[in-house]
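Structure first, commentary second.
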Amino acid sequence: MILQWYSLNKRDLPWRRTSDPYKIWLSEVMLQQTQVETVIPYYEKWINHYPTIKSVALENIDNLLKIWEGLGYYSRCRNFHEAIKDIFYNHKGVIPKQIEDFKSLKGVGVYISGAVMSIAFDQTHIAVDGNQSRIIARVLGVKNQTSRNLKRINNYLTKLVKEGNPSEINQALMDMGSNICKSNKVICVDCPFHFSCKAFQSGHPLSYPKKILPKTIPTKTIAAALVSHGDNIFITKRPLKGLLGGLWELPNIELVNGEIPEDLLKIKLADQFGLTIKVGHKLGMINHTFTHFKMNVLLYNCQAKDQPLSKNTEKWVSFSDLNQYAFSKANHKLFKLVELRND
DNA sequence: TAGTCGTGGGG
DNA sequence: TCCCCAAGACT
């Protein structure tokens, strides 16, 4: 039933035109919490630049992040790079076919290990993502994400993939989840499961599984500095771990309780970078929302006395050379602010 | 285990 | 404009 549905409704996606486990793995990494349409151009660009495991292993993280720029969740890129290097240097460049070995690689968790082993190697493993858990929760009439219910869902899926063709079954469930059994919209009449689906029988399929109520997120206010010296501006690289790890940015500081941005910038930039600056007028303000906080960023035009460099995580670059570095979306909004003023 | 970690599309 | 959501992993 489900395979018949898949043969009629299968999406034609770039990573479905290959059997290369490296490419299938890359697609799974990019698709984490990210929509298919968003991923496609990033996937194509990455594969064009890095068609093989070796090409990734020999590349440096800055250039990989430049390809990843704008896709978000940047630790995925770094973890993938680490895993690929691990394979190149410690596994003779061959992706492990034992799921335990594969799952021990950085950034490879329960879902991706099952997905790659089943899709690329036809192994009998489940690949429980948001789609699969939602669909089966509805089939079983499960509302709460208790550990008992998660086991029931896993058992149901395990039985399903054991009936044959785990690769197609796993991908079919993903397409069902994105087409007919979405979080806030269902087309039950088109679903191969609907005769036995408890959520469908209840008449309220959307109430399965129960939604988790979102918590309110804080708003931060940040002052950023466009520090110029001649034709160059000052940028700095964020630490590899944590938020936007490894990306470049304009120097900035959070305003905690009514501090005066001009004063704080002058002190902090001297402190952190040895920069002696004159803070000029405000260039504008941008808003940006992350998963767990919002921020308002005030941008100030600043002039530096000279161009000191104390670390390799600091650079003076011309405005036209900024595109060689990976920046977060918020920084691009700041750059746009500057361009608009110069027009 | 609950927080952390981005961004863009669509209602 | 705001809010939910989209093929999770790590700590």
Side-chain angles (χ1 to χ4, degrees), chain A residues 10-11 13-16 23-43 65 68-83 102-120 125-136 145-147 150 157 167 169-179 181-186 206 209-220 238-247 249 286-295 326-333:
Chain A
K10 174 179 181 175
R11 287 176 291 179
L13 302 171
W15 43 90
R16 286 181 175 171
K23 296 177 182 173
I24 292 169
W25 175 16
L26 171 68
S27 76
E28 295 297 347
V29 174
M30 288 186 163
L31 284 161
Q32 285 178 48
Q33 308 292 290
T34 310
Q35 297 188 358
V36 166
E37 294 304 319
T38 303
V39 166
I40 289 174
Y42 281 90
Y43 172 85
L65 281 172
W68 205 276
E69 181 183 28
L71 191 56
Y73 287 143
Y74 299 94
S75 67
R76 293 181 295 175
C77 181
R78 190 180 69 249
N79 287 336
F80 186 62
H81 187 215
E82 292 301 316
F102 184 57
K103 186 177 173 299
S104 71
L105 296 166
K106 278 194 177 176
V108 179
V110 179
Y111 166 74
I112 288 191
S113 59
V116 173
M117 292 298 108
S118 65
I119 295 171
H125 294 293
I126 59 175
V128 189
D129 67 335
N131 291 308
Q132 295 204 2
S133 68
R134 180 179 61 257
I135 292 169
I136 306 307
Q145 297 223 0
T146 62
S147 59
L150 293 179
L157 287 165
S167 168
I169 287 175
N170 281 331
Q171 294 182 81
L173 288 164
M174 294 172 203
D175 282 12
M176 286 172 57
S178 70
N179 292 334
C181 195
K182 297 160 74 159
S183 178
N184 283 317
K185 183 182 162 91
V186 291
L206 295 185
K210 201 165 82 180
K211 309 259 193 263
I212 300 159
L213 29 91
K215 52 179 76 170
T216 57
I217 59 176
T219 300
K220 300 181 181 180
R238 296 177 61 86
L240 230 42
K241 290 192 174 180
L243 183 71
L244 305 170
L247 297 197
E249 66 180 3
I286 63 104
N287 307 306
H288 194 71
T289 305
F290 294 104
T291 307
H292 52 294
F293 71 93
K294 300 180 184 181
M295 61 181 189
F327 291 92
S328 75
K329 191 57 63 176
N331 265 264
H332 282 291
K333 290 180 184 174

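Sequence lines set the chain letters: A, B, ... in the order given, protein chains first and strands last, and positions in each chain run from 1. Keep in mind the model is a prediction, meaning the values are calculated, not measured.
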(request) Would you mind reading off the distance between Phe80(A) atom CZ and dC10(C) atom P, rounded to a whole angstrom? (result) 14 Å

(message) Looking at dC4(C), I'd like to know if its phosphate oxygens (OP1 or OP2) sit under 4.0 Å from a side-chain N or O belonging to Asn184(A).
(response) no

(request) Ignoring the backbone of Ile112(A), work out which of dG8(C), dC4(C), dG6(B) is nearest its side chain. (result) dG8(C)

(request) When you get a sec, tell me which of dA6(C), dG6(B), dT4(B) is the closest nucleotide to the side chain of Gln35(A)? (result) dA6(C)

(request) Write down the distance between CG (Leu31(A)) and P (dG8(B)), rounded to a whole number of angstrom. (result) 16 Å

(request) Using whole Å, report how far CD of Glu69(A) lies from P of dG8(B). (result) 11 Å

(message) Is it the case that the side chain of Arg76(A) and the backbone of Gly107(A) share a donor-acceptor pair, with hydrogens and angles ignored and the cut-off at 3.5 Å?
(response) no

(request) Rounded off to whole Å, could you give me the CZ-to-C1' distance for the Phe102(A) and dG8(C) pair? (result) 14 Å

(message) From the set dT7(B), dC5(B), dC10(C), return the single nucleotide nearest to any side-chain atom of His292(A).
(response) dC5(B)

(request) For the side chain of Lys215(A), starting at C-beta, report the closest nucleotide among dA2(B), dT7(B), dG8(C). (result) dA2(B)

(message) Determine whether a donor-acceptor pair (one donor, one acceptor, N or O, separation below 3.5 Å) exists between the side chain of Thr291(A) and the base of dG6(B).
(response) yes

(message) Over all strands shown, is Gly70(A) touching base, sugar-phosphate only, or nothing at heavy-atom distances under 4.0 angstrom?
(response) sugar-phosphate

(message) I want to verify a distance call: between dG8(C), dT7(B), dA2(B), whose nearest atom is closest to the Lys329(A) side chain?
(response) dT7(B)

(message) Check this for me: does the side-chain of Thr34(A) come within 3.5 Å of the base of dG6(B) through a donor and an acceptor?
(response) yes

(message) Can you see if the side chain of Gln32(A) gets near the phosphate of dA9(C) - specifically, an N or O under 4.0 Å from OP1 or OP2?
(response) no

(request) Provide the distance between the two P atoms, one in dA7(C) and one in dT4(B), to the nearest whole Å. (result) 23 Å

(message) Output the rounded distance in Å from CD1 (Ile119(A)) to C1' (dA7(C)).
(response) 8 Å

(request) Give one of base, sugar-phosphate or nothing for Val39(A), where a contact means two heavy atoms less than 4.0 Å apart. (result) nothing

(message) Strictly distance-based, threshold 3.5 Å: is any side-chain N or O of Glu249(A) a donor or acceptor partner for the main-chain N or O of Asn331(A)?
(response) no

(request) For Ile217(A) and dC2(C), give me the distance from atom CD1 to atom C1', rounded to whole Å. (result) 11 Å

(message) On the nucleotide dT7(B), are OP1 or OP2 found under 4.0 Å from the side-chain N or O atoms that His288(A) carries?
(response) yes

(request) Nearest 0.5 Å please: distance from the CZ atom of Phe327(A) over to the NE2 atom of His332(A). (result) 7.0 Å

(message) Within the 4.0 Å heavy-atom criterion, would you say Leu247(A) contacts the bases, only the backbone, or no part of the nucleic acid?
(response) nothing

(request) Using the C1' atoms only, state how far dA6(C) lies from dC5(B), rounded to an integer number of Å. (result) 15 Å

(request) Counting heavy atoms from C-beta on, name the nucleotide in dC5(C), dG3(B), dC5(B) closest to the side chain of Ser183(A). (result) dC5(C)

(request) Figure out the NZ/P separation between Lys185(A) and dA6(C), and round it to whole Å. (result) 14 Å

(message) Between the base of dA7(C) and the side chain of Arg11(A), is there a donor and acceptor pair under 3.5 angstrom?
(response) yes

(message) Counting only side-chain nitrogens and oxygens, does Tyr73(A) get under 4.0 Å of the OP1 or OP2 atom of dA6(C)?
(response) no

(request) Taking only the side-chain heavy atoms of Leu243(A) (C-beta and beyond), determine which of dC5(B), dA6(C), dC5(C) contains the nearest atom. (result) dC5(B)

(request) For the pair Thr34(A) (side chain) and Gln32(A) (backbone), establish whether a donor and an acceptor sit closer than 3.5 Å, ignoring hydrogens and angles. (result) yes

(message) Would you say NZ of Lys333(A) has more than 12 non-hydrogen atoms from neighbouring residues, nucleotides or ligands within 6.0 angstrom?
(response) yes

(message) Determine whether a donor-acceptor pair (N or O, by modelled atom type, separation under 3.5 Å) exists between the side chain of Tyr42(A) and the backbone of Glu69(A).
(response) yes

(message) Taking the nucleotide of DNA chain C with the nearest heavy atom to each, does Val108(A) or Ser178(A) sit closer to the 5' end?
(response) Ser178(A)

(request) Using the P atom as the reference point in each nucleotide, state the distance between dG8(B) and dA9(C) in Å, no decimals. (result) 23 Å

(message) Measuring from the side chain of Trp15(A) (C-beta onward, heavy atoms only), which nucleotide among dA9(C), dC5(B), dA7(C) has the closest atom?
(response) dA7(C)

(message) Quick one: does any side-chain atom of Lys211(A) pair with a main-chain N or O of Ser183(A) as donor and acceptor, under 3.5 Å?
(response) yes

(request) Would you indicate what Ser328(A) reaches in the nucleic acid, counting non-hydrogen atoms under 4.0 angstrom: base, sugar-phosphate, or nothing? (result) sugar-phosphate

(message) Please report the distance, rounded to the nearest Å, between NZ in Lys182(A) and P in dA7(C).
(response) 10 Å

(message) Heavy atoms from C-beta onward define the side chain here; which of dC4(C), dC5(C), dA7(C) lies closest to that of Pro214(A)?
(response) dC4(C)

(message) By nearest atom, which of the nucleotides dC3(C), dT7(B), dA6(C) is closest to the Lys294(A) side chain?
(response) dC3(C)

